[in-house]
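To start, the structure itself, in structure tokens.
Chain letters run A, B, ... following the sequence lines, proteins first, then strands; residues in each count from 1.
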2 protein chains.
Amino acid sequence: MFIGLPDRTQSGSGAKLNLRNRVFQALEQDILNGKYPSGTNLTEKDLCEEFGVSRTPLREALCQLELEGLVECIPNKGAVVLGVSEQDVNDIYAIKLTLEGLAARLAAERITQEELTDLEETLNLTEFYVNKDDLNKILELDSRFHDVICKASKNRPLRSMMGSFHNFIKVARHKSLTNPGRPSLMLEEHRKLLDAISKGDGELASHLAFDHTNRVFNNLRSLNDEAEAE
Amino acid sequence: MFIGLPDRTQSGSGAKLNLRNRVFQALEQDILNGKYPSGTNLTEKDLCEEFGVSRTPLREALCQLELEGLVECIPNKGAVVLGVSEQDVNDIYAIKLTLEGLAARLAAERITQEELTDLEETLNLTEFYVNKDDLNKILELDSRFHDVICKASKNRPLRSMMGSFHNFIKVARHKSLTNPGRPSLMLEEHRKLLDAISKGDGELASHLAFDHTNRVFNNLRSLNDEAEAE
DNA sequence: TGGCGGATTCTTGTATACAACAAATCCAAT
DNA sequence: ATTGGATTTGTTGTATACAAGAATCCGCCA
């Protein structure tokens, strides 16, 4: 590790269609989803065949993954998967704690009306899917909620860093949501946070965001501890 | 923007000697040092001739710079320099403020004896070069001081992020040091911070680091305001 | 003269070819 | 049988070749 922070903010709609980016995103998700566990040796030839591309775009994708810290390219040897370890997730959460607070504080000061309605809309949708127990949708909306806050902070580096974090710990966040009752609790905490932001109370928003992230993290750790205990 | 965070932590000693990395580092520094201002169109052919390499390693370097946010690659069009704007520097400092605090707190809890002596050694060297008014050396030692703290935090993502920040705002930090009296003030603040860390006082260390970074930032802004006023 | 269209040229995107290095294999000699 | 070394094989690093799109330039026509 670690980490690459491309500007994912605008690539959300229409990903550029050149082979390099397609391979990069696919490989990134493959690694993050555990298809290639840490330590796996990636040979260019195999990946080329799998993706049906030549070595040039594939190598370019590997370069980017190396910068992002997901693989390590050993000269004349090849690429080995580093992935995201549990330690990495813990470390990232330690950072996220403070930065979510910062983002919320800045958002409370700088948010626009459009962004506020966007947040409300997102929470309404979240409530809908919480009732339907659709974890994937909830996760997606959770990402959206936090991204809008980061966007509202008007701090571009902060937003792209947080976006990257969110992507890296996607699996962990999903696991956290499987805890029964967690989704509705998340929704409630988001509501309070939005309230503080809309009132322009940066101090409160910062604390709420910090506590919220902390709860997600603790929830995750308790789940991991359970898993270990078995 | 923004941002790439390769693991610079170990590349300090012997950079890998393949062309891609050499070109990447050279181009990165060229952009950060202002050789290629924002908006510059980078044509692969020209860069190839300049570096004396073929398009393959050059393109790979450009891919990495794109991930880092320093250039934007427009499909079928080429790469344009984004660079680091003054706004970016401000945004980065907003993040740095909280993260330097976090790093110092963690370091206070986890620092080893070796790292402590390393910090002391660094400060002694800094004092030497402050007396000699060698700004480049001071800047280098400043980087080293903060990097050891990040290393002592035992949080790898945090360390590589801070390393990347340090690299990105290198020019700004250098400018800040040109303020007469700033170097010795910096040294004094570093001493206090080291003292707090060595005593294991995380809370104090966190505050000192925050305030220190804040002073650097304010100092920089006042210099920029002066420059604008002219 | 000004604007439109096509051809040319230039640049990027992708694929392949060649070179250098690493590892594995195989043979021989002790 | 084991070890040493040379050869072979395979992989990566780099360079070049080819294809496709963009921009430019020139000439033609209104």
Side-chain angles (χ1 to χ4, degrees), chain A residues 6-7 10-11 14-28 30-31 36-83, chain B residues 4 6-7 10-11 14-28 30-31 35-83:
Chain A
D7 199 337
Q10 49 198 5
S11 66
K16 289 161 189 164
L17 357 71
N18 58 11
L19 293 183
R20 180 216 319 167
N21 289 332
R22 272 181 35 205
V23 171
F24 171 73
Q25 291 178 22
L27 252 179
E28 184 189 43
D30 282 348
I31 294 175
Y36 299 111
S38 293
T40 306
N41 266 22
L42 299 175
T43 62
E44 296 177 3
K45 186 170 149 289
D46 293 349
L47 292 174
C48 284
E49 288 169 4
E50 177 175 341
F51 289 109
V53 300
S54 81
R55 283 181 60 210
T56 308
L58 184 110
R59 277 180 60 88
E60 292 178 351
L62 279 179
C63 291
Q64 296 190 301
L65 287 171
E66 183 188 21
L67 199 76
E68 210 176 27
L70 286 181
V71 309
E72 182 180 3
C73 293
I74 299 162
N76 293 320
K77 185 86 194 310
V80 335
V81 175
L82 296 179
Chain B
D7 200 340
Q10 48 196 8
S11 66
K16 291 162 189 166
L17 359 71
N18 59 10
L19 294 183
R20 181 216 319 168
N21 289 334
R22 274 181 33 207
V23 170
F24 171 74
Q25 291 178 22
L27 253 179
E28 183 189 43
D30 283 347
I31 293 175
K35 177 174 175 183
Y36 299 112
S38 293
T40 307
N41 267 16
L42 299 175
T43 62
E44 295 176 4
K45 185 169 149 288
D46 293 350
L47 292 174
C48 284
E49 288 170 3
E50 177 175 342
F51 290 109
V53 299
S54 81
R55 283 180 59 212
T56 307
L58 184 109
R59 279 180 59 87
E60 293 178 350
L62 279 179
C63 290
Q64 296 189 302
L65 288 171
E66 184 189 20
L67 200 74
E68 209 175 29
L70 286 180
V71 309
E72 182 180 3
C73 292
I74 299 165
N76 293 319
K77 183 89 195 305
V80 331
V81 176
L82 296 179

Nearest heavy-atom neighbours spanning L62(A) and V71(A): O-CG2, 3.9 Å
Range on DNA chain D touched by chain B, heavy atoms, distance below 4.0 Å: dT14(D) to dA23(D)
Nucleotide N/O to protein N/O under 3.5 Å, stretch nucleotides 22-25 of chain C:
none

Contact residues, residues 49-59 of chain B to DNA chain C [heavy atom, < 4.0 Å]: R55(B), R59(B)
Any I31(B) side-chain heavy atom under 4.5 Å of E68(B) side chain: no
Under the side-chain contact (heavy atoms from CB on, under 4.5 Å) test, residues paired with L19(B) that sit two or more places apart: R22(B), V53(B), P57(B)
Length of the CD1-C1' vector between I74(B) and dT11(C), whole Å: 13 Å
Pairing residues for K45(A) by the salt bridge (charged side-chain N to carboxylate O under 4.0 Å, His left out) criterion, not counting sequence neighbours: E49(A)
Donor-acceptor contact present, side-chain S38(B) to main-chain V81(B), <3.5 Å: no
Those residues that, when tested against E44(A), pass salt bridge (charged side-chain N to carboxylate O under 4.0 Å, His left out) (two or more places apart): R55(A), R59(A)
Side chain proximity check, Q64(B) to E28(B), heavy atoms < 4.5 angstrom: no
Bend angle of the helix from dT1(C)-dA30(D) to dT30(C)-dA1(D), from helix axes over five pairs at each end, nearest 10°: 10°
Least distance between heavy atoms, V23(A) atom then A61(A) atom: CG1-CB, 3.6 Å
E60(B) vs E66(A) side-chain heavy atoms within contact, under 4.5 Å: no
Close side-chain approach of L67(A) and F24(B), heavy atoms under 4.5 Å: yes
Qualifying residues under side chain to side chain donor-acceptor pair (under 3.5 Å), relative to T43(B), sequence neighbours excluded: D46(B)
5' priority, DNA chain C, between L19(A) and K45(B) [closest heavy atom]: K45(B)
Distance, nearest 0.5 Å, that separates CG of L65(B) from OH of Y36(B): 11.5 Å
Set of side chain to side chain donor-acceptor pair (under 3.5 Å) partners for N41(A), sequence neighbours left out: none
N21(A) CG to dT12(C) P, straight-line distance once rounded to whole Å: 16 Å
